[in-house]
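Below, chain A is the first sequence line, B the second, and so on; all start at residue 1.
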Amino acid sequence: MYREFKHLHLPSIDAEIRQFWEDERIFEKSVEQRPTDKSYVFYEGPPSANGKPGIHHVMARTVKDLFCRYNTLKGYRVERKGGWDTHGLPIELQVEKELGITKEDIGKKVTVDEYNQACRSTVMRYKDLWDDITRRMGYWVDLDNPYITFKNEYIESCWWLLQQLYNKKTPAGESYLYKGFTIQPYSPAAGTGLSSHELNMPGCYKEVTDFSTVAMFKVRRNAVSAPLFQKDDEDLRILAWTTTPWTLPSNVALTVGPQIEYTKVKTLSPYTGAPVSVILAKDRVSAYFNPEDENQFLEGYSVGDKRLPYNIAQKGIKGADLAGVQYEQLLPTPAASTPELEANGFRVITGDFVTTEDGTGVVHTAPYFGADDFRASKAAGIPFIGIPNPKNPDLPFPLVDKQGKFVEEVPEFGGRYVKAEYYSKEVTSDREFKPTDLLISLRLKEDNKAFKIEKYKHNYPHCWRTDKPVLYYPLDSWFIRASAAKERMSELNKTINWKPASTGTGRFGQWLDNLQDWNLSRSRYWGVPLPIWRTEDGEEEICIGSVEEMSLEIDKAVEAGLMAENPYKSLIKSPEETFTQYVFTGDPAIWDTLKRYGRDHRKNPTEAEALLWETLRNRQVDGYKFRRQHSIGSFIADFVCIAQKLVVEVDGDYHNAAEQQDFDKARTFYLNNLGFTVIRFKNEEVLKGLGNVLGEIRRVLTSPPGPLSDGEGVTSPLAYTGKDTKGEVTPSPSERGPGGEVPGGEVDLHRPFIDDVILLSPTGRPMRRELDLIDVWFDSGSMPYAQWHYPFENQEVFRNNFPANFIAEGVDQTRGWFYTLHAIATMVFDSVAFKNVVSNGLVLDKEGNKMSKSKGNVVDPFETIAEFGADATRWYMMANANPWDNLKFDIGGILEVRNKLFGTLFNTYNFFALYANLDGFKMDESKVLPYDKRTELDRWVISKLYSLVAEYHEAMNDYEVTRACRAIEEFVDLHLSNWFVRLSRRRFWKGELNEDKTAAYQTLFECLMVTGQLMASVAPFFADWLYRNLTEPIKGAAKANNTPLRHDSVHLSDLTLPDPSKVDKDLEKRMDYAQRICSLALSIRKKEKLRVRLPLQKILLPVLDEAFIAEVDGVKDLILSEINVKQIEFITDASGLLKKGAKANFKTLGAKLGKDMKDAAALIANFSNDDINTLEQSGWLKVLIHGNEYTLTPEDLIVSTEDLPGWKVASEGALTVALDVTMTPDLQAEGTARDLVNRIQNIRKEKDFNVTDRVTVTLERHQAILAAVEKFHDYIKAEVLATDLVLADTVAGEKVELDDVVSVGIEVLIS
RNA sequence: AGGGCUAUAGCUCAGUUGGUUAGAGCGCUACACUGAUAAUGUAGAGGUCUCCAGUUCAAAUCUGGAUAGCCCUACCA
């Protein structure tokens, strides 16, 4: 029997199938059964488990999941190693929030160690939620053996990569990993640099009011500047605006836009009244001068006047002309003065970033305090200004120290904080207090160097921790010389298939073209430490590439007395140890907790446990060693014998609870996967029958070992296998000696432990680690290698899994993960990291707004999936818009998908099941009717199905899932349900199971089967449910005969491939005629108010071409029954009935006629029947347009039948249908008979009779139905399954409306 | 500031190498059909294809520009 269902409830299907998958390990099997040498490589971009999963994750993971599933079905082995991104700022923030500390407290209120531990336990905060959503949404990924970026192995791989970069040299001999210097946001109050991420946190940019100053830079007269002077002693100044006057002492250049036009203006100094000429951008003159004051007498001005008289002295000075002009230093700091600076500094340079939007069009340039300034100065060869640095003369110390104070050497302002906010409240609340910016401005004013001082409101970034303004400040950083690999990256990028392509060429490609070096440094605690040690003077350094290398170096350091001992010795593990650690300890994040629980429990054993332990301890049972409360993976087992892989559990009463039993089941499953045998005893069994219990344990101990020690390796294909998993298993880490408390113990590669390592330089000096961590993006970009601990292990595995065939992530990762993957792969392996990439868009709310907690428009994925099922949600997300377009998430859309696609398919299946069960039909793979034995309709739908298969594969191979989904939708709705099933209904419920009926079943079965397969990637639950329902009744036979339907799950099956032999395009065309003819005929009926039940005599079809008659004849019966007409008559031109019309075929004529096209179209539209016939018969026709003669051929016209005079006509394109609406008594009677059948059927339905119930029908003897009953007595009986049909004068049943006027009594009883 | 994506019916989206009447589904209205019923059919209403300019016999489609929304990167004297 096929299963039948009342209603479609997708969440129930989810639950049922999910359970099935878990019980039967379908995911694992789907991977394992595919050959290892035919792999399709997927990389999981790891989520961070410290945030909760959102609906957009469902979207992103659906994309990932479905292409993996698709390729699995195609026969590839698609291993999907999960991963967790565990480092980074969000985690630090979370931890600080929870510990109630700020960064300054690290190392004070809490130790770095404690902090580090807190990070460890926080990263997996929501792992359960993530695991849950993963299961619920049907995302298949291996979560048992994920890569975790904080693991020592992972870090070690990162180090190796860094060392590769360090050792790699550009042709110029420069290392790819180098220490450099950039201007970065820096918080003096917090004493740390900030990332752009931190600056973009909400509330960081604040509206503040600062003192802005337009300073006057006095031009030195020399060869370059001479053309600007009118008089030798002219006081000529360049105006430059700044909102940070504190940077003025550090000014070394003025930047102008090379194309910007500047103007020299003669005016008076507003603060002294002295005559002065100033240069500023022409477009900015109006900002400082009022046109009404132009050419006023300069003498009429007195200091303090609002209006400043001026006149334009010189126009059209190009910025480029100003380049090289030298000026006097504005605020000299004698201690910072150098000959070099005097020679090359204090001049005008050009920069493209200069605008005339505000200020004067001249940018005051202080290279240490602005990124643009820094770049422009460097490019122009301007020396930096600062207190001389004996070690590096090119990089003097800035005039502002790291606390944000002017250094003492700065005259007048030395020791002052540059920003008022850095002073304490007590200081600033003093009425005499003046901010440094103001003091500097006042100094300029006094010295006749200020043109304008005013308050200025603008957005300025603030430190999110201290809430105080940020400075842009020069900081040391480690960089990856990505710019050196720019060309190669671009080249390789061109080989990547981007979806959408524009992201690859545009967003990503152009970004590569302008690539800057990658700033790796982060001054933080929780991340991968930079493995570089340096002597204090930086002259000697070492970049460590492995733990082993470090350990050897440490040994040297220990010998030299720099370190007391080598704490990392224990980290160098044999492969067996590595294996043990991974397989037995599972997730380090919960390791500590487990250990503690275990210890606690050991102290408080239950009575039964204590009893059993007395007999198991000290190798009493055949010499086997048992451990108590031992952690395995994420569980604690009561008793474990590791040598024999035996777990013994002693269960209390609470294990009887259903919930607990489920949990126990899962746990057993997990342990089995790790190769353990699990046996359980109840407390009473131990207490009352210890002998039996021991006997059982003994039996299992001595029976053949589990699959793991069988030499097969770990049963999960994705498990971490190390180099050599055979042989004896070494003790788990909890049993290891002191110093080996890894993972999660005191020794790991994170700070602060790593900072204690001091290495010995070649010349015998101590080297300390560069304190920076690396950018977390390096972590994730390293995942192709680090997930396998390459190159230290798994070299073979890595080779088979690099590069990826496919990755997918949000488009916001373009310059994140996509870039770092690409950059590292290019620089270290000269390869792409991925061949195909889908970058999915955002999930917005219904209105197109970004989802955010504050707006309250966040969609909870758990709720959505619980309500509508995972499949409808997934399908909606894939079918509604391309994944790379933003999705406006609307529940209504899911509803639509559910009803339209899943509802329809569900109904279709249910329909199949209902009748197949009634008929006792079972699909028999050995007795499939050949297609040529089936009806036209069957062959048609099969043809459509295989056209769909072809289209589907084409779309999916091109990663166009939306196209694939829509094609399926169309097939299911339009072709399968609304044509095939509708027209086949009678075949299913009439008569015995004959060949035609079998053909109908088999055809429908095949359609459902294949459609389910095609859907399986996007809608994995429903598809499996469908497949299992369809195959369940014959599963046994299929397995026995090894036929295609033998698989337990659709996800284990082989995807149906395109088969051109099953596609019959001619047939599809014929059926297309049938559908269109029916549609036209029905539209006439509608217009003429002729209900479909009323039969009509005939339709007329004008013949379109020679093949037309034969084509339509093939589908004639379908048409006739669908539109309830008795016959089809074809008419040709010869009949003389047709009135034709013609339209120009623009495509062919356009090229020929050009400008005359329009007139020709008009001419052709007016062609008579004769014109058209002439053309059609002779094959050509000459026309004259504007004196040009053209020869028309039949292809140039689109001919259609316009009318059949005297008939009711409808037409669409070239196809025309005419309907004979003449009514005869016979037709009338037949119509009435059909009405009666309908009414009786309705009554059957109302009364809830079974489909097969036989009935007796009594009809009221009414004039209107007599003819019908007489003529169609048997027909009515047969249709309604009546044993008797009688007429009576009075009928007990209700009056039933037959039409507007007539009602008759009808009674239907089960006979 | 730079780069990218998007813009077509009330909504969600199609729209091939430019070709005449710009489509589908949902929603709305009316009618019909129904032993698949959380369905279905037919018909109707609903469009300045964001705007401007250009190329062309012909532009939703190609080119240039503008506008709006969003994303990424950078962040300014």
What is the distance, rounded to the nearest whole Å, between atom [atom1] of [X] and atom [atom2] of [N]?
X         : N     : atom1 : atom2 : value
A:Leu1149 : B:G18 : CG    : P     : 18 Å
A:Glu969  : B:U12 : CD    : P     : 17 Å
A:Leu887  : B:G69 : CG    : P     : 21 Å
A:Arg985  : B:U37 : CZ    : P     : 11 Å
A:Asn910  : B:U37 : CG    : P     : 7 Å
A:Ile183  : B:C76 : CD1   : P     : 11 Å
A:Glu970  : B:G15 : CD    : P     : 13 Å
A:Trp875  : B:G25 : CH2   : P     : 18 Å

Is a donor on one side and an acceptor on the other found under 3.5 Å between the side chain of [X] and the backbone of [Y]?
X        : Y        : result
A:Asp775 : A:Trp777 : yes
A:Thr365 : A:Val363 : yes
A:Arg982 : A:Asn978 : yes
A:Arg898 : A:Gly903 : no
A:Asn917 : A:Tyr2   : yes

Relative to the ring of [Y], is the ring of [X] parallel (under 30°), tilted (30 to 60°) or perpendicular (over 60°)?
X        : Y        : value
A:Trp498 : A:Phe508 : tilted
A:Phe980 : A:Phe988 : perpendicular
A:Tyr819 : A:Trp518 : tilted
A:Tyr288 : A:Phe451 : perpendicular

Suppose you measure atom [atom1] in [N] against the same atom in [M]; what distance do you get, rounded to whole Å?
N     : M     : atom1 : answer
B:A66 : B:A30 : C1'   : 44 Å
B:G15 : B:A53 : C1'   : 25 Å
B:U16 : B:U63 : P     : 14 Å
B:G47 : B:G10 : C1'   : 12 Å
B:C62 : B:G19 : P     : 11 Å
B:G64 : B:U48 : P     : 27 Å
B:A9  : B:G4  : P     : 26 Å

Residue-phosphate contact under 4.0 Å: [X] side-chain N/O, [N] OP1/OP2:
X        : N     : result
A:Lys900 : B:U40 : yes
A:Thr908 : B:A36 : no
A:Tyr472 : B:C76 : yes
A:Thr243 : B:A77 : yes

Self-check item: Heavy-atom donor-acceptor pair, A:Ser212 side-chain to B:A77 base, under 3.5 Å
Solution: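 For A:Ser212, whose side chain was compared with the base of B:A77, there is no donor-acceptor pair (under 3.5 Å).
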
Practice problem: Using only heavy-atom distances, decide whether a donor-acceptor pair under 3.5 angstrom links the side-chain of A:Lys1147 to the base of B:U17. | Solution: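 Present.
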
Under 4.0 Å, counting only non-hydrogen atoms across every strand here, what does [X] touch: a base, just sugar-phosphate, or nothing?
X         : answer
A:Asn1238 : sugar-phosphate
A:Asn882  : sugar-phosphate
A:Tyr915  : sugar-phosphate
A:Arg898  : base
A:Leu8    : base
A:Gln1241 : base
A:Ser977  : base

Applying the Watson-Crick and G-U wobble criteria at under 3.5 Å, what pairs with [N]? Answer none if nothing qualifies.
N     : result
B:U55 : none
B:G2  : B:C72
B:C49 : none
B:U67 : B:A7
B:A43 : B:U29

What pairs of nitrogen or oxygen atoms, one from the protein and one from nucleotides 55-60 of chain B, lie under 3.5 Å apart?
{"from": "B:C57", "atom 1": "O4'", "to": "A:Gly1154", "atom 2": "O", "distance (Å)": "3.3"}
{"from": "B:C57", "atom 1": "O4'", "to": "A:Lys1155", "atom 2": "N", "distance (Å)": "3.3"}
{"from": "B:C57", "atom 1": "N1", "to": "A:Gly1154", "atom 2": "O", "distance (Å)": "3.4"}

Quiz prompt | Residue mapping more 5' on RNA chain B - nearest nucleotide basis, A:Phe980 or A:Ala881 | solution = A:Ala881

Quiz prompt | Validation row: A:Phe868, A:Leu10 side chains within 4.5 angstrom (heavy atoms) | solution = no

